[in-house]
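Remarks on the structure that follows.
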Amino acid sequence: MSQEPTPGDGGNRFLRTPLFTPQNQLFLLNDLNAIREGVGGVFKPHDLSPLRPGERVSARMHHVSRGRLSLNRLEYGTTVDIDPGRLESFYLVQVPIQGRARIKCGGHSFISTPELASLISPDLPLWMRWEADAPQLALRIDQSEMRHHCAQHLGYVPDKALEFSPELDLRSPGGRYFLQLLEMLVDAIAQSQHPIHQPLVLKQFESVLLNALIYGQPHNFRERMEGDGRPRSISPHFVRRTEEYMRAHAHEPLTIEQLAEYAGVSVRTLFAGFREFCDTSPMAYLRNLRLEQVHLELSSQPQASVTDVAFKWGFAHLGRFAQEYKRRYGCLPSETLRFRAE
């Protein structure tokens, strides 16, 4: 007799998430063609058929999108075969919440469970069999976003597409880290007042999520990521250029990848340059610039809200923000306001 899964075990932690509510339910259908059309509208056109010919197919789907990410919860009322061919324009992470699915992707064939998710790359042929009443959490990532992100870390546009190993073990260190981030994203989006809804915070989180896959999951560029074989000299020029850019654009959502692209170097080279010439990292330098702006606003606007100003400049964790501010200016942000109001 199998043991009932408990929330917190792999994908089972999404059993009772508050994110997928009637408000973001895309459909609840009992018509095969309508289901195929509804799912295909979010992902891509595909063949869908019940395992037992003639059996009626039902399905329920929830859909939420933020920035360039799309989160979906999908389940079928009967076992179905799904044949989308190649995804072509996006990567797809599928985390079973309960139950199982058979995945055939490229030369891989495996059973996906709440402990073993699937990570499908756009250029690999895909076929799936989903069990009845086995919901999955599906994260859709645009191929263009992944390609751009990967190029920024390599320092050049690769000659072929990034291709992941499709078996994403959620018990591995990289898999556990990705799962924690995914849970954070799901919980954050469910809260209307969460900082994740701020463009600065969301952009940073998207970057962290992609990095978790790039550096935590095997893929065909791993050796290039660890050392791309293209030595580049470290020049103070690109460091100064990046500093100037950050000062002019500190109010915008900036990631380490965007900064490296602007500087015309790889992420690794940018880190090395800032370590050598600034004794800090690029993102720490950016945080200090934003702290300066927060201090300026609190000093000149005594009626301002510390929370609003902090969120505006990309500080999502208020406790950590207050500590950083006090280390820098010797007082808490609220004390700056009180002093200016007196």
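The figures that follow rest on heavy atoms only: side chains count, while hydrogens, waters and symmetry mates do not. By convention here, the first residue in the shown sequence is residue 1.
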To the nearest 0.5 Å, tell me how far Leu179 CG sits from Met184 CE.
-> 12.0 Å
Hey, does the side chain of Lys44 reach the backbone of Pro84 with a donor-acceptor pair shorter than 3.5 angstrom?
-> yes
Carboxylate-amine/guanidinium proximity below 4.0 Å for Glu115 and Arg171 = no
Less than 4.0 Å between a side-chain N and a carboxylate O, is that true for Asp123 and Arg86?
-> no
Once you round to the nearest 0.5 Å, how far does OH of Tyr177 lie from OG of Ser172?
-> 13.0 Å
Measure from NZ or CZ of Arg73 to the centre of the six-membered ring of Phe20 and say whether it is under 6.0 Å with the direction within 45° of the ring axis.
-> no
Can you say whether the rings of His251 and His249 are parallel (under 30°), tilted (30 to 60°) or perpendicular (over 60°)?
-> parallel
Rounded to the nearest 0.5 Å, how far does CZ of Phe238 lie from OG1 of Thr242?
-> 7.0 Å
Between NE2 on residue His63 and CG on residue Leu71, distance to nearest 0.5 Å = 9.0 Å
Taking the six-membered ring for Trp, are His295 and Tyr325 parallel (under 30°), tilted (30 to 60°) or perpendicular (over 60°)?
-> tilted
Phe315 and Phe321 aromatic ring geometry - parallel, tilted or perpendicular at 30°/60° bounds | tilted
Is Glu297 salt-bridged to Lys312, cutoff N-O under 4.0 Å?
-> yes
